[in-house]
Amino acid sequence: MEHLRILMIASEAAPLLRTGGLGDVMGALPQALTEIGHDVQIALPLYSAIDTSTYSFESTDITFPVSVGGTLYPTELLRYRVGDVSYLLLYTSHFCDRPGVYIDPATGTDFPDNDERFVWFCRAALEAVIRLEWPPQILHCHDWQAAVLPALLRDVYATTPTFQQSKTILTIHNLGYQGLFPGNQFERLGISEALNAPMGPFEFFGQVNFLKAGIVMSDVITTVSPRYAEEIISSEEMGFGLQGVLQKREKSLRGILNGVDYADWSPNKDPYLAYRYTASNLSRKRMNKVELMNEAKLPVRENAPLIGMITRLAEQKGLDILTDAADELFARDVQLVILGSGDARYEALLQELEDQFPDQLKVYLRFDTALSHRIEAASDIFLMPSRYEPCGLNQMYSLRYGAVPVARNVGGLANTIIDVDVDPDNGTGFLFDAYTGEAMLAALDRAIARFQRKRAWTKIVKTGMRQDFSWDRSAEQYASLYSELLS
Ligand code: ADP
C-alpha cells in the first residue's frame with residue numbers, strides 16, 4: 001500500500017476543541033489512518049477557545065500573509081502533536097482572538113464575518129503546506145467551514161505546483177449547516193465572481209452557500225453513514241434544499257460510518273467513572289447509577305429505569321417531541337437525566353420541566369465531558385429522538401456502556417442499532433419511525449417493559465456491549481477511497 005500524505009481541514013478537532021461529533025471524529029480518524037501507515041496532518045484555526053495554557057504548542061517560525069479579498073492577514077503556524085498526527089494550528093489575531101467558535105456569545109448568532117474567517121482558514125491551510133514543502137495527495141475537507149477549499153484550489157491555486165497531484169474529498173457531517181451568506185458579500189472573498197453566477201457552485205437562491213460549492217467542486221463526497229447518504233439524496237426534508245445538487249453527484253457520494261474511540265469510551269478503563277465495569281460485573285454499573293442519582297439529588301429508585309440524554313440543544317435532536325410527550329413520559333415510573341447546551345429556548349423549556357417534575361428529571365445545562373461519561377455509565381436507557389442524525393456517536397458509546405438506546409430509525413442510528421423486536425437474538429435497542437411524541441413513547445414503553453424482565457434485559461445490554469464500531473474499519477474505507485481517487 002502506498003503511504004499517502006493527507007491533510008485534514010476541519011474547524012474543530014479533539015482534544016484541542018470539540019463542540020460536537022466533528023471534533024470527536026477529528027480526534028480519532030487521523031490517528032487511525034496513521035496506524036495503517038499514512039502521513040496525516042490536521043489544519044485547525046487557533047481560536048481563543050483553545051486553551052493554550054493546557055497544551056504545549058511548538059512554534060515553527062513560519063509566518064506568512066493570507067489574502068482574503070485583497071486584505072492581507074499576517075498568519076502564524078504553530079504545531080501540536082498527538083502520536084504521529086501533527087496539528088497545524090493557524091493563527092491570525094483578527095479572526096482568532098474572540099470568544100466563541102462559530103457563534104458570537106454576545107449576540108447568540110453567527111459571527112457576521114464567518115465567510116471571511118473560513119476563507120482565511122482554508123487559504124491559510126494551503127499556504128502552510130506550501131511553506132512546509134509537504135504536497136498533500138489528499139485534501140480532506142470537513143463540513144461547510146472547509147467546503148470552500150476545493151473552489152479555492154481550482155480558482156486561486158489552480159497552477160500552484162504543490163497541489164498539482166492533490167485530490168479533494170468533502171465529508172458532510174451534517175447537511176443542516178451549510179454556511180449561508182448574503183449574495184452581495186461574495187466579492188469580499190476574493191474568489192472569481194463567475195463561481196457565484198446564477199446556477200454557479202456557490203449560488204443558492206440568491207445567497208452564497210459554501211457547502212454547495214464543496215459538493216459541486218470536490219472530487220468525491222462522503223457522509224458519515226450509509227443510511228444518511230441515501231436520505232440526503234432522496235428526501236426533501238433531509239436534503240435541506242441540496243438534494244438536487246447531491247443527486248447530480250450521486251456516483252461520487254459515499255456513506256462511511258464514523259467509529260468510536262474505545263481508548264476514550266470503555267467502561268472498564270474510563271477514568272471518569274467511580275466504578276469501572278465490564279459485561280460480567282454489571283452490579284458495578286448499578287453503583288454508578290446510584291452515584292449519579294445522589295449527585296443529581298434524584299430519589300434513588302433502582303427499579304425505575306434511568307434514561308440518559310447527552311445532546312446539543314438544537315432542533316435536530318428531537319427536543320420538541322420530548323417536551324410534547326413530557327407529561328405522559330413522567331406519568332410512567334422513569335427518571336431522566338439530560339446533559340445539554342445550546343439553544344436558549346430549549347434550555348428554558350427543559351428548566352421548566354425540571355421544576356415541574358423534580359423527582360424525575362435532572363437537567364444539566366453545560367458542556368461537560370466528565371459528566372457525559374458518568375451519564376453513559378449510569379443510564380439504563382439512552383434516548384436519541386433525533387429528527388435526523390447523520391451518524392450519531394452517543395448511541396455507539398451507549399451500546400458499549402450498556403445503556404440500551406431508544407432512538408429514531410434514521411441515519412446512523414438506523415445503521416448501528418438493531419431493534420430487539422425485529423431481531424430478538426441480535427437486538428441491541430428500540431427504534432421508532434414517526435417523528436412524534438407517541439411513537440417515541442411507544443418505543444420507550446417497549447424498552448421499559450423489557451427492563452422489568454431482568455434476564456431479557458441483561459441479554460440486550462450484553463449484546464450491545466459486544467458491538468464493535470472501532471475506527472480501524474472506517475479508516476480502511478477512507479483509505480481505499482483515497483487510493484481509488486488517486487488511481
Ligand atoms: P452532533 O455532532 O450532532 O452534536 P454526535 O452524537 O455525532 O452529535 O456527537 C456529539 C458529541 O458531543 C458526543 O461525543 C457527545 O457526547 C458530545 N456532547 C454533546 N453535548 C454535550 C454536552 N453538553 N456535554 C458533553 N458532551 C456533549
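Remember, it's 1-based here, ligands and their atoms both numbered in the order they're listed. Just so it is clear, the values below take in all heavy atoms, side chains as well, and ignore hydrogens, waters and symmetry mates.
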Taking only residues at least two apart or on different chains, which pairs with a member in residues 107-117 satisfy salt bridge (Lys or Arg N to Asp or Glu O under 4.0 Å)?
Arg98-Asp113, Asp115-Arg188, Glu116-Arg188

Provide, line by line, the atom pairs where ligand 1 and the protein bring an N/O atom each to a distance under 3.5 Å; else say none.
unit_1, atom_1, unit_2, atom_2, d
ligand 1, 2 (O), Gly21, N, 2.6
ligand 1, 3 (O), Arg312, NH2, 2.7
ligand 1, 3 (O), Lys317, NZ, 2.8
ligand 1, 4 (O), Arg312, NE, 2.7
ligand 1, 6 (O), Leu393, N, 2.9
ligand 1, 8 (O), Lys317, NZ, 3.2
ligand 1, 9 (O), Gly21, N, 3.3
ligand 1, 14 (O), Arg18, NH2, 3.1
ligand 1, 14 (O), Asp24, OD2, 2.7
ligand 1, 16 (O), Asn394, OD1, 3.2
ligand 1, 16 (O), Asn394, ND2, 3.4
ligand 1, 23 (N), Arg366, O, 2.8
ligand 1, 24 (N), Asp368, N, 3.0

d(Phe240 CZ, Asn174 CG) to nearest 0.5 Å is 7.0 Å

What pairs of residues pass the salt bridge (Lys or Arg N to Asp or Glu O under 4.0 Å) test when at least one of them lies in residues 258-277, not counting sequence neighbours?
none

Derivation and outcome, ring-ring contact (aromatic ring centres under 6.0 Å, His included), residues Tyr177 and Trp144
CA-CA 7 Å; Tyr177 300 86; Trp144 72 262; 8.9 Å; no

Listed once per pair and sorted, the salt bridge (Lys or Arg N to Asp or Glu O under 4.0 Å) pairs that draw on residues 379-402, sequence neighbours left out:
Lys289-Asp380, Glu315-Arg387, Lys317-Glu389, Asp320-Arg387

Nearest 0.5 angstrom please: Asn281 CG to Met287 CE, how far?
9.5 Å

